[in-house]
Every structure is written in structure tokens, then in C-alpha cells.
Amino acid sequence: MPELPEVEVVRAGLQPVVSGAVVSGVEILDPRSLKRHGGPSDDFVDRLVGGTIDAAVRRGKFLWFPFEPARAHDEPLALVAHLGMSGQVLLRDRDAEPDRLMRIRLDVESPAVGPIRLAFVDQRIFGSMALDETVPTLDGRPAGFAGPRLLGSDPDALDARGHRDVPGAVGTDADPADWVRRVPHQVSHIARDPLDPAFDERRVIARLLARRTGVKRALLDQGLLSGVGNIYADESLWAARVHPEQPTESLSAARARVLLAEVRVVLLRALGEGGTSFDAQYVNVNGQSGYFSHSLNAYGRQGETCPRCGTPIVREAFMNRSSHFCPRCQRVR
DNA sequence: CACACACCCTGTTTGC
DNA sequence: TGCAAACAGGGTGTGT
């Protein structure tokens, strides 16, 4: 469940369960799911067991759990999870039948719900878990979103750009905990996402216009802005009436602002519908699917009519994937 | 530094 | 029905 809304749905589902939870047991069923862990499986297990998870934090498509090891460590650690193309984190009873494609099993004692299992399930093994050191954020702002509820679920908390920035809430500037302003080393090169209160819109637009590539490639560059993948790139470009191959250097700042505004609208709408799901592969922590697939205007709709003008949506090969757009509404100009 | 591309993997769906 | 090919929403490393 790979893009920002789907990862946020998972994060929000885990946050109340993992906060303050003590890890009681870890089993690596497939070591390939630890490929981003800088050490052997034994090291992963040994350092995790007995420790306490502080929270569930997300930046873009990356999810991590700030973590206090059983024995005081010189540097704060984080358990980093990336879902890749097909990863899931599912909450299961410990005596439940194991999920067939479970790669990592984490048993925790949760203050909120008691003993429970976090099952890392991943068909294609593009996802991973890892223990990683953390570094302070460069701008001194919170490293990601760690709120107690789904991002965007409280309309009163959103500012004009769709940002949530509530003083005093976990994961905002007012939170004194150390982990709030520390980011896992392997996430530190990932840019902030467009729903992050610390997202620097002017700087991102300046960098976007300075590139010499197609605008969709830029939208997918997680070092420029994070959280947008193939589905939401296509949906945002459709909403903003921008062709995916529109050269970035030909965009006006005004058009770039409109595009980023549409990115936010699309991400927030998807959040409101629990994310996009095409099948059982993409589910929340309880195994339930979202509904945004019913709201798609371009993605996966090749041959069907554009909801705006009635022209058939086309699909074109793009970076080993596909772009879907309306050839009439979205022209290179 | 920025960009384009190859690569990593497996299970399910499709088309013959 | 059986089989192979196509397909899938990710990030990273490398070479230019």
C-alpha cells in the first residue's frame, strides 16, 4: 500500500497500539525483508526484544517507530518500515493462523490493547524493515507526522493549505520528546511531503522549475517532495490539467502552485476514503480495503471517458510503469 | 548535481 | 485445464 494515504492509514492504525508497547518477541521468517538492515538477523532481533516503542511516525511513504532499547544505547534508534510495492503491517492475535506471506513477526505488549502481533506481510519483498540510527532534522522541525489520529481527519485542525499543525499534539513543534525531531538515517534524504506543516512550498517550486525533465518524473522524485507515487501523480496531473511530460522548465510558478494544491487535494481526499485499494493486497492494519479506487479520474481508466470532457483516457508506457491522462484536457503547452 | 535507466523480487491475473 | 507471459501502486545504485 505504497503511497502516502495508504501508509498514513497504516500508521494511524498502529499509533494507538504501539505507543509505549514493549517488544516481547521477534521472528524473521524471511531475511530478505531485512535487506536494508545494516547487520545480521540476530542483531535485529537482539536489539529489538525488550525495548519500548514510542510512537508510529511517517514521512512520505516511510514509516518508522522511535524505539528505546532494553539497555540504554548511546544513540536513539528507530525501527524503519517501508512497504515497497506490496508490504502490509497487520495487527493479529498471537494465536491466529499466520498470514501466508508473513516475513517478520513482532509480538508486543501494548498498554492499550495488551498482547498483540504486528505481522509484516510482503508479497514481492520490495519492502523492508530495519533498525537504524537517528539524526536530528536539519530544520529543527518534527521529522514526520505522528498524530494520534489519521492525518486530515480533523477538519478544524487543517490550515488553509490542508496542513495539520496543532500545538500540543504529538509530533508537532510543541512536543518535547527527543524522537519528534530525529529522523532515521536512511530516511534523512527523503524530502518532506506536501501535507507536512514544515513543507517549504516556495523552495520546492523553485527546485521544480529549475529541473530539466518531465513534470511527472519530478513529482515522483522523493528527494524533491515525498509521498506521491504513480496513482496520485496521475490523479493530480489530471486535476491540474497538466500533461505528464510537460517540461518542468516550461511551467510557470503559478501553474506549479496549482499543481501542488491539487496534489494536496487528491492526497487528502484519498485519506478521507481510507486510501486506494484494487484488491486484498492493499489494506489497513485490520485487513480492510479503502474506497478511493471508486474516485479515480485517470489512473487505470484507459479507454474510459474523461469525467470532464468525455474524451477517452489514454495510457502510455512510462519508466517501466504507465501514465494515464486525458489527451484533450492535458496538453503539453 | 541532475538525470535516465537497470535492477531488485514474487504471486496473481491474463491470454493463448 | 494448463501454462507462460504480463503485470503490479516502491526505492536505490550506477553511469553519464
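Letters go in sequence order (proteins before strands), and every chain restarts at 1. Please read all numbers here as calculations on a predicted model, not as lab measurements. Quick note: numbers below take in every heavy atom, side chains included, and nothing from hydrogens, waters or symmetry partners.
- Using a 4.0 Å cutoff on non-hydrogen atoms, no part of residues 240-252 of chain A comes near DNA chain B.
- In this structure, a donor-acceptor pair under 3.5 Å is absent between the side chains of A:Thr248 and A:Arg211.
- Separation of atoms CG (A:Asp200) and CZ (A:Arg141) is listed at 10.0 Å; rounding is to 0.5 Å.
- Between C:dT12 and B:dG11, the distance separating the two P atoms is 24 Å to the nearest Å.
- Atom CG of A:Asp122 is separated from atom P of C:dG10 by 14 Å (rounded to the nearest Å).
- Rounded to the nearest Å, the gap between the P atom of C:dG13 and that of B:dC9 is 14 Å.
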>> For Watson-Crick and G-U wobble pairs within 3.5 Å on both distances, what is DNA chain C written in dot-bracket notation, | included for inter-strand pairing?
In response: .|||||||.|||||||
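- When rounded to the nearest whole Å, the span between CE of A:Met85 and C1' of B:dT10 equals 11 Å.
- Taking atom CG of residue A:Asp221 and atom P of nucleotide B:dC5, one finds them 15 Å apart after rounding to whole Å.
- Between A:Ser86 and the phosphate of B:dT10, there is no side-chain N or O to OP1/OP2 separation shorter than 4.0 Å.
- In this entry the distance linking CD of A:Glu8 with C1' of C:dG9 reads 17 Å, nearest Å.
- Of the charged side-chain nitrogens involved, at least one lies within less than 4.0 Å of a carboxylate oxygen, so that A:Glu201 and A:Arg264 count as a salt-bridged pair.
- Defined by atom type and a distance below 3.5 Å, a donor-acceptor pair is missing between the side-chain atoms of A:Arg124 and A:Ser86.
- Distance CE (A:Met102) to C1' (B:dG11): 18 Å, rounded to an integer number of Å.
- In the hydrophobic clustering, where aliphatic and aromatic side chains (Ile, Leu, Val, Met, Phe, Trp, Tyr) are joined below 4.5 Å either directly or transitively, A:Ile125 stands alone.
- Look at CD1 on A:Ile125: it is 5 Å from P on B:dT10, rounded to the nearest Å.
- The 5' end of DNA chain B is approached more closely, in terms of each residue's nearest nucleotide, by A:Arg207 than by the other of A:Arg207 and A:Met319.
- A:Tyr299 has a side-chain polar atom (N or O) that falls below the 4.0 Å cut-off from OP1 or OP2 of C:dG9.
- Legend: residues meeting ring pair (Phe, Tyr, Trp, His ring centres under 6.0 Å) with A:Phe44, ordered by chain and number and at least two apart, are A:His37.
- Remark: of the listed residues A:Val45, A:Ile104, A:Leu131, A:Ile104 is the sole one forming a side-chain contact (heavy atoms from CB on, under 4.5 Å) with A:Leu34.
- A:Arg100 comes within contact range of the sugar-phosphate backbone alone, with a heavy-atom separation under 4.0 Å but no base atom that close.
- Ionic pairing of A:Asp132 and A:Arg36 is not present here: no N-O contact between side-chain nitrogen and carboxylate oxygen is shorter than 4.0 angstrom.
- Within the structure, the ring pair (Phe, Tyr, Trp, His ring centres under 6.0 Å) test picks out the following pairs touching residues 237-260 of chain A (sequence neighbours left out): A:His243-A:Phe325.
- Spacing between atom CZ of A:Arg124 and atom P of B:dG11 amounts to 11 Å, rounded to whole angstrom units.
- Contact check, A:Arg217 against B:dC5: a side-chain N or O comes under 4.0 Å of OP1 or OP2.
- For the side chain to side chain donor-acceptor pair (under 3.5 Å) with A:Asp234, the qualifying choice from A:Arg321, A:Arg301, A:His324 is A:His324, the only one to do so.
- Toward the 5' end of DNA chain B, the nearer of the two residues A:Arg32 and A:Gly214, judged by each one's closest nucleotide, is A:Gly214.
- Among B:dC3, C:dG9, B:dT10, the nucleotide with an atom closest to any side-chain atom of A:Arg103 is B:dT10.
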> Would A:Ser323 and A:Gln330 count as a side-chain contact (heavy atoms from CB on, under 4.5 Å) if you check the C-alpha gap in whole Å, the side-chain angles of each, and the deciding distance to 0.1 Å?
Replying inline: CA-CA 12 Å; A:Ser323 283; A:Gln330 297 169 260; over 6 Å; no
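- Taking atom P in both C:dG9 and B:dT14, one finds a spacing of 15 Å when rounded to whole Å.
- In this structure, the CG atom of A:Asn320 is 13 Å from the C1' atom of C:dA6, given to the nearest Å.
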> How does each nucleotide of nucleotides 11-16 of chain C score, in 5' to 3' order, for protein heavy atoms under 4.0 Å: base (B), sugar-phosphate only (S), or none (-)?
Replying inline: SS----
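- With rounding to the nearest 0.5 Å, the separation of CD in A:Glu109 from OG1 in A:Thr52 is 11.0 Å.
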>> With side-chain contact (heavy atoms from CB on, under 4.5 Å) as the criterion, how do A:Arg308 and A:Arg241 come out once you've worked through the C-alpha distance, each side chain's angles and the decisive distance to 0.1 Å?
In response: CA-CA 10 Å; A:Arg308 234 174 358 227; A:Arg241 307 186 191 215; 3.2 Å; yes
